[in-house]
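In what follows, residues are counted from 1 in the order of the sequence shown. Because the structure is predicted, anything quoted here is derived from the model rather than measured.
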Amino acid sequence: MKGSKIIIYQIFTRLYGNRCQTRKPFGTIEENGCGKLNDFTPTVLKQIRDMGVSHVWYTGVIRHATMTDYSKYGIPRQHPAVVKGRAGSPYAITDYYDIDPDLAVDVTKRMEEFEKLVSRTHKAGLKVIIDFVPNHVARQYKSICKPAGVKDLGEDDDTNVGFDPKKNNFYYCPGEQFSPYFDLYHGEKEPYTEIPAKATGNDCFHNAPGMNDWYETVKLNYGKDYNGTWSMLTEQCSTWHKMLDILLFWAGKGVDAFRCDMAEMVPAEFWAWATAKVRQQYPDIRFIGEVYNPNEYRRYIASGFDYLYDKVGMYDAMRDVVCHRRNTDAITWAWQQTDDIRDHMLYFLENHDEQRIASDFFAGNGEKGVPALVVNALMQKNPFMVYAGQEWGERGMDKEGFSGCDGRTTIFDYWSFEKHFDPLTLIYNKVLGIARTEKAVAEGQMFDVMYANKQYYRQYAFLRKAGKDILLVVANFDDAPLTMQLTIPDHAFNYLEMMEKAYDAVDLMTGTARKLVLMRDQAIQVALPARGAVVFKVKGG
């Protein structure tokens, strides 16, 4: 998307359109309701687009393990002992070629409803992102929707060996029964049984995962032997071809990008091969990787990823700055660590794994995240992501069932938002609109001026410039208003090729006009609201 910044809006699809307000802990779909794909009408999609969003990440659309019984539709029932929550985790996939029946108005037409959603989303001027979950599947994975000629995962496995680099799709514990340290009945007459036990998704290569393991999943084999004997990381591995077929299937449905779950748990060699293969047919497809190890960032970008989560760098730093555990020089440190790959880093303040800004575990109030929003959305050219609910201060403080009161919005239970208008929404619309429409944000250079203003440790300021357009962004992470004496260092004028003069400026946050006299190593007065920001736009630089 040359010339405009990518703004991703992550939607937990099951929750977003649900209007049922029962919210009973451990409630069934009949009791608590469920959002549908059809809830994303042209009107709703236009509202999302008008926020400044460019891409919608529909989270949890592929069929996954659930306690809800859809066997009358020919969908295999899952044993509740290996399902987390009544609704189930969207990352315990039961059929890579199917749509979650919870999301369909007519279960028999669930794929058709998804295809129509893709079409509506594109007509609204938005791109479609879905999850690709490559590292693990549900324990009772069985595809009923795979295309003709496609063999199911595990169909040809030799279960008498723990590891086969070419043939097997799973890792096994030969001769051992799945024996975790929890109840395998879970209210059923018969226990869940698995012989031989398969390795668990979080690299648990024995038959007894614990409650804190990803016990509801089994790990896929890409030819890597984790016991250290030998590996075969080549396309001779059966799993490589089966996963490529899945990517091509969804790309053929019009999906524009894949958010690849736990991408670093899958060998980089596979990604290099698969992304190249997909792009041969769909050259504009994009891959977003969930990679947490900064030492692996450059290897996974080289393997075909367009964007990677900047979690342990920018997210962790920004969260600490918001909560006053670190000073704003942590922001400078965070962007400098990835400066050579800055356009590939995905910034965010919330997603389904992280605690809500407004939760008691984070800031306690969504408005306290506003300066972080402004900085992350406007600082670089790279994408920025918002999690649905973030823009109205969703707190994530419900005890929904399997998901306790942990500051996160549940991904395991049938639930709904207490959706309401909040002044915070207007701020998000304003900031995201600036990010999407201002050339200096989408295309411009960035200059961090904080090295010349070290006396300020709860404020952060930078310049953006493209052509004659200049933005001066100053954010205040303090709980009190402040008037800064902000110095613009000499090097900023050289680096950005700015002229020293008096400029007519307007604060894009409020529409207020003022004069800005920008001179080398001279200070200007900037009045900042508590937990707020100014974004001055000047022309003629």
Fill in: Arg319 NZ/CZ over Phe362 ring centroid, <6.0 Å and within 45° of normal
yes
Item to complete: Check the surroundings of atom NZ in Lys381: do more than 12 heavy atoms from other residues, nucleotides or ligands lie under 6.0 Å from it?
Response: yes
Item to complete: Test ring pair (Phe, Tyr, Trp, His ring centres under 6.0 Å) on Tyr315 and Tyr309 and set out the steps.
Response: CA-CA 9 Å; Tyr315 169 85; Tyr309 276 34; 9.6 Å; no
Discussion item. Under a plain distance cut-off of 3.5 Å, with no hydrogens placed, do Ser403 and Asp413 share a side-chain donor-acceptor pair?
Written reply: no
Worksheet item: Looking at Phe12 versus Tyr58, is the centre-to-centre ring distance below 6.0 Å?
Response: no
Worksheet item: Is there a side-chain contact between Val278 and Phe287, using heavy atoms and a 4.5 Å cut-off?
Response: yes
Worksheet item: So, Phe348 versus Tyr387, ring centres under 6.0 angstrom or not?
Response: no
Discussion item. I'd like to know if Asp340 pairs up with Arg298 as an ion pair, taking the criterion as any Lys NZ or Arg NE/NH1/NH2 lying under 4.0 Å from an Asp or Glu carboxylate oxygen.
Written reply: yes
Worksheet entry | Pair Arg286 + Asp256: basic N to acidic O under 4.0 Å | no
Discussion item. A quick test of your reading: do over 12 heavy atoms of other residues, nucleotides or ligands sit less than 6.0 Å from NZ of Lys253?
Written reply: yes
Practice prompt. Step through the shown structure and confirm whether more than 12 heavy atoms of other residues, nucleotides or ligands are within 6.0 Å of CG on Asn293.
Written response: yes
Fill in: Between Asp102 and Tyr414, a side-chain donor and acceptor under 3.5 Å
yes
Practice prompt. Applying side-chain contact (heavy atoms from CB on, under 4.5 Å) between Val218 and each of Val137, Thr200, Leu153, report the one that passes.
Written response: Val137
Worksheet entry | Criterion side chain to side chain donor-acceptor pair (under 3.5 Å) on Gln10 and His352, from CA distance to verdict | CA-CA 9 Å; Gln10 182 190 3; His352 68 276; 2.9 Å; yes
Discussion item. Evaluate Asn32 against Thr22 for side chain to side chain donor-acceptor pair (under 3.5 Å), listing each step before the verdict.
Written reply: CA-CA 5 Å; Asn32 284 357; Thr22 304; 4.8 Å; no
Discussion item. What verdict does the ring pair (Phe, Tyr, Trp, His ring centres under 6.0 Å) test give for Phe384 and Tyr347, after you've listed the backbone C-alpha separation in whole Å, the side-chain angles of each residue and the deciding distance to 0.1 Å?
Written reply: CA-CA 5 Å; Phe384 179 67; Tyr347 288 169; 7.8 Å; no
Practice prompt. Go through the steps for Lys24 and Glu31 under the test salt bridge (charged side-chain N to carboxylate O under 4.0 Å, His left out), then give the verdict.
Written response: CA-CA 7 Å; Lys24 176 185 175 182; Glu31 292 169 323; 2.8 Å; yes
Discussion item. Looking at Arg342 and Asp339, is any side-chain nitrogen of the basic one under 4.0 Å from a carboxylate oxygen of the acidic one?
Written reply: yes
Worksheet item: With a 6.0 Å cut-off on ring centres, are Tyr460 and Phe477 close enough?
Response: no
Worksheet item: Do Asn202 and Asp213 meet the criterion of a side-chain donor-acceptor pair at a distance under 3.5 Å?
Response: yes
Worksheet item: Does a side-chain N-to-carboxylate-O contact under 4.0 Å join Asp360 and Arg395?
Response: yes
Discussion item. Could you check whether Arg23 and Ser416, counting side-chain N and O atoms only, form a donor-acceptor pair closer than 3.5 Å?
Written reply: yes
Fill in: Salt bridge Arg356-Glu394, side-chain N to carboxylate O under 4.0 Å
no
Fill in: Criterion salt bridge (charged side-chain N to carboxylate O under 4.0 Å, His left out) on Arg299 and Glu296, from CA distance to verdict
CA-CA 5 Å; Arg299 186 157 74 104; Glu296 295 291 328; 2.8 Å; yes
Worksheet item: Can you tell me if Thr68 and Arg86 form a side-chain donor-acceptor pair at under 3.5 Å?
Response: no
Worksheet item: Which heavy-atom pair separates Ile144 from Gly74 by the least distance, and what is that distance?
Response: CD1-O, 3.4 Å
Item to complete: Verify side-chain contact (heavy atoms from CB on, under 4.5 Å) between Gln140 and His79, making sure each step is shown before the conclusion.
Response: CA-CA 8 Å; Gln140 293 182 294; His79 196 292; 3.6 Å; yes
Worksheet item: Is it true that the NZ or CZ of Lys198 lies under 6.0 Å from the centre of Phe170's six-membered ring and within 45 degrees of the ring axis?
Response: yes
Discussion item. Check this for me, if you would: do Asp306 and Arg279 make a salt bridge, where the nitrogen-to-carboxylate-oxygen distance has to be below 4.0 angstrom?
Written reply: yes
Item to complete: May I ask you to say whether Arg63 pairs ionically with Asp95, meaning some side-chain N is under 4.0 Å from a carboxylate O?
Response: yes
Item to complete: For Asp131, check side-chain contact (heavy atoms from CB on, under 4.5 Å) against everything at least two apart and list the hits.
Response: Trp57, Thr59, Tyr91, Val133, Arg259
Practice prompt. Might you work through the salt bridge (charged side-chain N to carboxylate O under 4.0 Å, His left out) test for Arg110 and Asp98, ending with a clear yes or no?
Written response: CA-CA 8 Å; Arg110 55 194 184 276; Asp98 201 0; 2.7 Å; yes
Fill in: Side-chain donor/acceptor of Glu367 to backbone N/O of Arg531, under 3.5 Å
no
Worksheet entry | Identified side-chain hydrogen bond (donor to acceptor under 3.5 Å, both in side chains) partner of Glu438 from the options Lys5, Lys537, Arg464 | Lys537
Practice prompt. Pick out which of Phe132, Phe114, Tyr96 makes a ring-ring contact (aromatic ring centres under 6.0 Å, His included) with Trp250.
Written response: Phe114
Worksheet item: Do we see a donor-acceptor contact under 3.5 Å between the side chains of Ser143 and Asp152?
Response: no
Worksheet entry | Distance-only donor-acceptor check, side chains Trp415 and Asp398, under 3.5 Å | yes
Worksheet entry | Ser54 OG to Ile6 CD1 distance, which is reported to the nearest 0.5 Å | 5.5 Å
